[in-house]
Amino acid sequence: MKVGVPTEIKADEYRVALTPSGVRELVEHGHEVVVQAGAGEGSAIADADYQAQGATILPDAEAVFGEAEMIVKVKEPQSEEVARLEARHTLFTYLHLAPDPGLTQGLVDSGATCVAYETVEDTRGRLPLLAPMSEVAGKIATQAGAFMLEKPLGGRGILLGGVPGVAAANVMIIGGGVVGMNAAFIALGMEASVYVYDRNIDRLRELDIAFQGRADTCYASTLDIEKMLPEADLVIGAVLVHGAKAPYVVRRDQLKLMKRNAVLVDVSIDQGGCFETSRPTTHSDPTYEVDGVTHYCVANMPGAVPITSTYALTNATLPYVLHLADAGPERAADENPGLAKGFNVVAGKVTYQPVAEATDQPYVELSDVLGAAA
Ligand SMILES: NC(=O)c1ccc[n+]([C@@H]2O[C@H](COP(=O)([O-])OP(=O)(O)OC[C@H]3O[C@@H](n4cnc5c(N)ncnc54)[C@H](O)[C@@H]3O)[C@@H](O)[C@H]2O)c1
């Protein structure tokens, strides 16, 4: 198969979907790899590094989409990329379709086979291709929150860890999955007072063991969240219902309960946001204010640390890239039911139920359309 790697074009996105190690593996499996010139630059990978492992460098995205059968990317395709997709393409990338009916329609119209990193599952129902970026985003969430709490940046002017004789800041984390746990570990490392809220009791049990009493775990009922909001200096939103639009865990009318110039970091923004007042922002302009509360809602937080993120992401995606290339999408989905969960749009149909429901598209079983894919 011919595998293509375009340069990411989303604002402030510096990751790349394949490293030279990935090229080497694909080439050893008998595949061809075409990489857009400069695609690895943001992650400190030169064209020559790809070429040394057997890739061909092509001048632009048009050439990559024109030649490749499988396109591997990082972020959801932007409109000019959607326009380049055809029925013969397999697209493997983050898609986050539930909050984006427009993109979903674009992918339906393209006829391409679109496989989303974020809904691929492992044998235990976990999300192996979301996890590495969630680890990064969780760590950044606390760092960014701590920074935004500084007075010159519009924050309350409180140091997360406090100092002897002055209390630490309160960090409230809603959603104690991969993002939430990593955010908590950094907050604990900075010596803040940390409270993690989740609705899954088994998950709270696991966190309780991991934190060894250093952070509080709390059930995420509306009332309990409301009781903590007036105490919180930094609130990190990290909930996820697999593939679906994020539920709101803080509503607009609850902002008035919060301290003036407290900070909300909405990591779930890529699934539509878990605070009612969230809207996506970029690294160049990461925050805005609503009712005296700073909102940080960067939709591609790991993009800020591409050297870490590119390798963390591609370590996880490579086995799936190889499987898709070796077996072709139809057989790969058949052989790996967890990978099949990643197939969101195939041959003009939405094949992932939460996306179909959220975007008002008819849902069609994957097995009914895979054979029809080009
Ligand atoms: N903005 C970014 O750059 C970025 C990067 C990586 C991940 N993310 C996003 O972060 C979010 C979290 O990802 P994750 O990997 O930690 O997911 P996860 O599945 O590991 O954890 C989500 C947690 O949310 C909990 N939850 C669900 N509904 C809840 C509710 N109503 N109240 C409280 N808890 C609830 C679940 O029980 C689970 O423990 C996802 O939307 C993911 O796409 C964003």
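Any value given below was found using the heavy atoms of this structure, including those in side chains, with hydrogens, waters and symmetry copies removed. Order of listing sets the numbers, starting from 1, for every ligand and every atom in it.
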(request) Using distance alone, decide if ligand 1 has a nitrogen or oxygen within less than 3.5 Å of any nitrogen or oxygen in P247. (result) no
(message) Please confirm whether A246 approaches ligand 1 to less than 4.0 Å, judged on its heavy atoms.
(response) no
(message) N200 versus ligand 1: do any nitrogen or oxygen atoms come within less than 3.5 Å of each other?
(response) no
(message) Give me the atom names and distance for the closest heavy-atom approach of P77 to L103.
(response) O-CD1, 3.6 Å
(message) Closer than 4.0 Å to some heavy atom of H96 - which atoms of ligand 1 meet that?
(response) 43 (O)
(message) Between R203 (side chain only) and G176 (backbone N and O only), is there a donor and an acceptor less than 3.5 Å apart?
(response) yes
(request) Specify side chain, backbone, both or neither for V136, according to which of its non-hydrogen atoms lie closer than 4.0 Å to ligand 1. (result) neither
(request) Return yes if some donor-acceptor pair links the side-chain N/O of D12 with the main-chain N/O of S284 below 3.5 Å, else return no. (result) yes
(request) Considering heavy atoms of the protein only, find what lies nearest to atom 21 (O) of ligand 1 and give residue, atom and distance to 0.1 Å. (result) G177 CA, 3.1 Å
(message) Check contact between M133 and ligand 1, using heavy atoms of the residue and a distance below 4.0 angstrom.
(response) yes
(message) With a cutoff of 4.0 Å, is M181 in contact with ligand 1, counting heavy atoms of the residue only?
(response) no
(message) To check you understand the geometry: which heavy-atom pair defines the closest contact between V267 and D270, and what is its length?
(response) O-OD1, 3.5 Å
(request) Go through ligand 1 atom by atom and flag the ones less than 4.0 Å from a non-hydrogen atom of A220. (result) 32 (N), 33 (C)
(message) Any nitrogen or oxygen of A137, side chain or backbone, less than 3.5 Å from one on ligand 1?
(response) no
(message) How far is atom 9 (C) of ligand 1 from the closest protein heavy atom, and which atom is that?
(response) D270 OD1, 3.3 Å
(message) Heavy atoms only: which of G237, G176, A238 lies closest to atom 12 (C) of ligand 1?
(response) A238
(message) Would the distance check show the side chain of T217 and the main-chain N or O of L207 forming a donor-acceptor pair, the cut-off being under 3.5 Å?
(response) no
(request) Return yes if some donor-acceptor pair links the side-chain N/O of Y219 with the main-chain N/O of N200 below 3.5 Å, else return no. (result) no
(message) Please list, in number order, the atoms of ligand 1 under 4.0 Å from a heavy atom of N300.
(response) 3 (O)
(message) Between H295 and T277, do the side chains contain a donor N or O and an acceptor N or O under 3.5 Å apart?
(response) yes
(message) Restricting to non-hydrogen atoms, name the atom on A131 and the atom on V178 that form the minimum distance, rounded to 0.1 Å.
(response) O-CG1, 3.6 Å
(message) Would V179 count as being in polar contact with ligand 1, using the rule that some N or O on each side must be under 3.5 angstrom apart?
(response) yes
(message) For the 3.5 Å polar cut-off, considering only N or O atoms, please tell me whether A299 and ligand 1 meet it.
(response) yes
(request) Determine yes or no for a side-chain-to-main-chain donor-acceptor pair under 3.5 angstrom, with N315 supplying the side chain and A312 the backbone. (result) no
(request) Would you tell me which option among D202, L204, V239 has the nearest heavy-atom contact to atom 35 (C) of ligand 1? (result) V239
(request) Measure from the side-chain N and O atoms of T281 to the backbone N and O of V298, and report whether any donor-acceptor pair falls under 3.5 Å. (result) yes
(request) Measure the shortest side-chain to side-chain distance between L95 and E118 over non-hydrogen atoms and say whether it is less than 4.5 angstrom. (result) yes
(request) Determine whether the side chains of T282 and D285 contain a donor N or O and an acceptor N or O closer than 3.5 Å. (result) no
(request) Provide the number and element of each atom of ligand 1 under 4.0 Å from a heavy atom of S134. (result) 6 (C), 7 (C), 13 (O), 14 (P), 15 (O)
(message) Among all the protein's non-hydrogen atoms, which is closest to atom 32 (N) of ligand 1, and how far away is it?
(response) R199 CG, 3.5 Å
(message) I need the nearest protein heavy-atom contact for atom 3 (O) of ligand 1: residue, atom name and distance, please.
(response) M301 N, 2.7 Å
(message) Please give me the minimum heavy-atom distance between D202 and R205, naming the atom from each residue.
(response) OD1-NH1, 2.8 Å
(message) Regarding ligand 1, does L240 bring an N or O atom to under 3.5 Å of one of the ligand's N or O atoms?
(response) yes
(request) Please state which part of L130 comes within less than 4.0 Å of ligand 1, counting heavy atoms only: side chain, backbone, both or neither. (result) side chain
(request) Do me a favour and list the nearest non-hydrogen protein atom to atom 37 (O) of ligand 1 with residue, atom name and distance? (result) D198 OD1, 2.6 Å
(message) D266 versus ligand 1: do any nitrogen or oxygen atoms come within less than 3.5 Å of each other?
(response) no
(message) Test your reading of the model: is there a side-chain donor-acceptor pair from N170 to the backbone of D233, 3.5 Å cut-off?
(response) no
(request) Heavy-atom distances under 4.0 Å are what count here, so tell me which part of Q271 touches ligand 1: side chain, backbone, both or neither. (result) side chain
(message) Less than 6.0 angstrom separating the ring centers of Y352 and F343, yes or no?
(response) no
(message) For the 3.5 Å polar cut-off, considering only N or O atoms, please tell me whether V178 and ligand 1 meet it.
(response) yes
